[in-house]
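Here's the structure, in structure tokens; my notes come after.
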Amino acid sequence: RGIGGPNDTAPQFSLRCLRDNKRYTRWNRKSMGIAGDTETTIEFGPFGFGRTFQFEWQISDNCPVDLISMSAQVSPSEQS
């Protein structure tokens, strides 16, 4: 995880979500870290309510990326 030297800007991992085929959320950006960083997980938090979700992701810099897995925590709605 991470590329470049200690004075370089870390690449950004961007993620957005299309809920129920209506509108995309805004891009949510997180740092991928610089060379030597050992944290391998990026958490984005909640993306709201919906029945179907489609995610798009992009990387800010031209760098190699291995996306191993993505997971979502799904909870039932309390609405009837």
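For the numbers below, each heavy atom of this structure counts, side chains included, while hydrogens, waters and symmetry mates do not.
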Review point. Atom CD1 of Ile42 and atom CG of Leu67: how far apart are they, to the nearest 0.5 Å?
Key: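 Here the interatomic distance stands at 9.5 Å.
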Practice item. Scan residues 12-36 for pairs that pass salt bridge (charged side-chain N to carboxylate O under 4.0 Å, His left out), counting only residues two or more places apart or in two chains. Key: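 Only Arg16-Glu56 qualify under salt bridge (charged side-chain N to carboxylate O under 4.0 Å, His left out).
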[X], [Y]: one ILVMFWY side-chain cluster at the under-4.5 Å cut-off?
X: Val65; Y: Met70; result: yes
X: Trp57; Y: Tyr24; result: no
X: Phe53; Y: Trp27; result: no

Is there side-chain contact between [X] and [Y], with at least one heavy-atom pair below 4.5 Å?
X: Ile59; Y: Phe13; value: yes
X: Thr52; Y: Gln54; value: no
X: Met32; Y: Asp61; value: no
X: Leu15; Y: Phe47; value: yes

